[in-house]
Amino acid sequence: MSPSQQPSSHNPTCLIKNRFAHRFVRALNNLNIKNRSPHDENQIYRRSHRVKIAAYAAMASVVGSKRAWSRAVLWKVRNRSRNQGLLVSSRRKRVDCKSKTSNDHHAKVSVVRRRNPNPKREDLDPFRYSGQELKLRKLVPGAATMDSCCLMDETADYIKCLAAQVEVMKTLVDFYTTT
Amino acid sequence: MSSRRSSRSRPSAPSMITDDQINDLVSKLHQLLPEIRNRCSDKVSAARVLQETCSYIKSLHREVDDLSERLSELLDNTDSTQASIIRSLLMQ
């Protein structure tokens with residue numbers, strides 16, 4: 001069962017797919033999904049959510065910081081994991097010491113949350129951002145504040161990478177279902 | 001990306017982008033969308049392209065959700081050594 005011999009050096013999409021496949025499979029390995037055997041819906045949802053985040057993060061890391069959308073995705077993923085770690089540790093501290101020191105820790109927790117490099121402007125100019133373009137800005141990560149040209153460019157790249165990601169994931173699912 | 005100046009200025013738009021440039025980019029997007037390509041229509045309005053793009057992105061997101069659900073179920077049932085088999089296959 002040897003993989004098809006594709007000239008990956010000639011086709012940039014092939015290159016992206018290969019790199020994404022590597023990183024995604026490695027991330028799946030690290031997720032330690034097996035031996036958890038969830039019995040309730042919450043566990044099942046969280047497990048599939050973790051796989052989904054791993055997929056988006058793997059694709060964004062393949063693209064790197066060349067694109068605004070990949071930067072936005074990576075920022076979201078890293079901030080999310082950082083906040084989750086902080087929440088866990090702050091909860092533990094609250095249980096251990098109910099004194100003035102816990103207030104200091106709360107202050108520290110609120111400060112560490114970094115300023116979002118891709119802020120979502122609620123007061124978007126209606127002349128510039130209207131109708132379909134607004135919907136597009138909500139769908140593409142990090143696209144809320146860029147101008148129309150960049151938006152189109154980012155959208156094109158985002159669609160290419162998403163389609164490649166979906167193809168690789170389909171291949172993986174097929175592989176697992178047939179073996 | 002050099003600075004873009006428009007031939008006709010829009011009253012309240014802070015960024016000056018020519019309509020031609022937007023049309024170029026819209027047609028580029030047009031090429032990437034699967035449905036419109038099959039219909040082989042040359043002149044499609046920008047709004048239509050944007051609409052199709054939005055629905056295409058939403059469908060891709062839904063597919064990713066669905067595939068990650070299936071993957072997580074399948075991974076739970078298989079042996080972890082198979083993941084390393086895949087990796088070695090992919091490395092070739």
Side-chain angles (χ1 to χ4, degrees), chain A residues 1-3 5 18 21-22 24-26 28-29 31-38 44-56 125 127-128 131-133 135-136 138-140 146-153 155-156 158-160 162-163 165-166 168-170 172-173 175-177 179, chain B residues 1 4 10-18 21-34 46-80 82-87 89-92:
Chain A
M1 205 175 20
S2 59
Q5 304 298 320
N18 280 340
H22 285 187
F24 186 41
V25 171
R26 222 184 303 156
L28 287 178
N29 253 348
L31 273 179
N32 266 339
I33 286 184
K34 84 184 221 45
N35 295 334
R36 288 226 179 153
S37 42
I44 294 176
Y45 169 75
R46 270 198 287 172
R47 192 182 52 179
S48 70
H49 187 65
R50 254 179 267 143
V51 171
K52 187 171 61 162
I53 298 288
Y56 282 123
D125 179 12
F127 180 83
R128 244 179 107 185
Q132 294 300 327
E133 205 175 295
K135 287 189 201 168
L136 192 60
K138 289 187 184 162
L139 285 172
V140 177
M146 51 176 79
D147 61 6
S148 304
C149 269
C150 295
L151 174 67
M152 302 295 182
D153 207 23
T155 310
Y158 185 55
I159 288 182
K160 265 192 288 184
L162 255 189
Q165 180 180 333
V166 164
V168 172
M169 287 175 83
K170 274 190 195 159
L172 271 176
V173 167
F175 177 81
Y176 273 122
T177 45
T179 50
Chain B
M1 281 198 212
R4 306 170 202 279
R10 289 205 206 134
S12 49
S15 66
M16 309 293 210
I17 304 172
T18 61
Q21 279 167 338
I22 299 232
N23 285 336
D24 284 341
L25 291 167
V26 163
S27 56
K28 197 167 72 154
L29 260 186
H30 180 178
Q31 301 300 320
L32 288 173
L33 301 175
R48 183 99 175 108
V49 171
L50 286 181
Q51 191 186 8
E52 295 278 348
T53 312
C54 288
S55 48
Y56 185 47
I57 294 184
K58 279 189 212 160
S59 72
L60 283 176
H61 283 169
R62 275 197 300 266
E63 277 202 61
V64 170
D65 287 347
D66 179 51
L67 286 169
S68 53
E69 252 190 76
R70 286 166 67 185
L71 253 185
S72 64
E73 281 173 34
L74 289 167
L75 278 175
D76 202 38
N77 301 333
T78 60
D79 197 27
S80 61
Q82 290 207 358
S84 45
I85 293 176
I86 300 178
R87 236 191 310 158
L89 278 174
L90 290 169
M91 299 254 191
Q92 286 170 15

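A note on names: the letters A, B, ... follow the listed sequences, proteins ahead of strands, and every chain is numbered from 1. Values below: every heavy atom of this structure, side chains too, minus hydrogens, waters and symmetry copies.
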* What residues, two or more places apart in sequence or in another chain, satisfy salt bridge (Lys or Arg N to Asp or Glu O under 4.0 Å) together with A/K170? ->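 A/K170 satisfies salt bridge (Lys or Arg N to Asp or Glu O under 4.0 Å) with B/E63 once adjacent residues are dropped.
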Indicate the atoms forming the closest heavy-atom contact of [X] with [Y], along with that distance.
X	Y	value
B/L50	A/L136	CD2-CD2, 3.6 Å
A/K135	B/C54	CB-SG, 3.9 Å
A/L139	B/K58	CD2-CG, 3.9 Å

* Side-chain contact, heavy-atom cut-off 4.5 Å: B/E69 with A/I44? ->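 Not in contact.
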* To do: Using a 4.5 Å cut-off on heavy atoms from C-beta on, say whether the side chain of A/Y56 contacts that of B/V64.
  =>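 Side chain of B/V64 against side chain of A/Y56, heavy atoms only: contact under 4.5 Å found.
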* Structure fact -> Rounded to the nearest 0.5 angstrom, the CZ-OG distance for A/R50 and B/S68 is 12.0 Å
* Asked: What is the distance from atom CG of B/D66 to atom NZ of A/K52, rounded to the nearest 0.5 Å?
  ->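 The CG atom of B/D66 sits 11.5 Å away from the NZ atom of A/K52.
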* With a 4.5 angstrom heavy-atom cut-off, which part of A/A54 approaches chain B: side chain, backbone, both or neither? -> neither
* To do: Please determine which of B/I57, B/L60, B/T53 meets the side-chain contact (heavy atoms from CB on, under 4.5 Å) test together with A/Y158.
  =>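 Between A/Y158 and the candidates, side-chain contact (heavy atoms from CB on, under 4.5 Å) is satisfied uniquely by B/I57.
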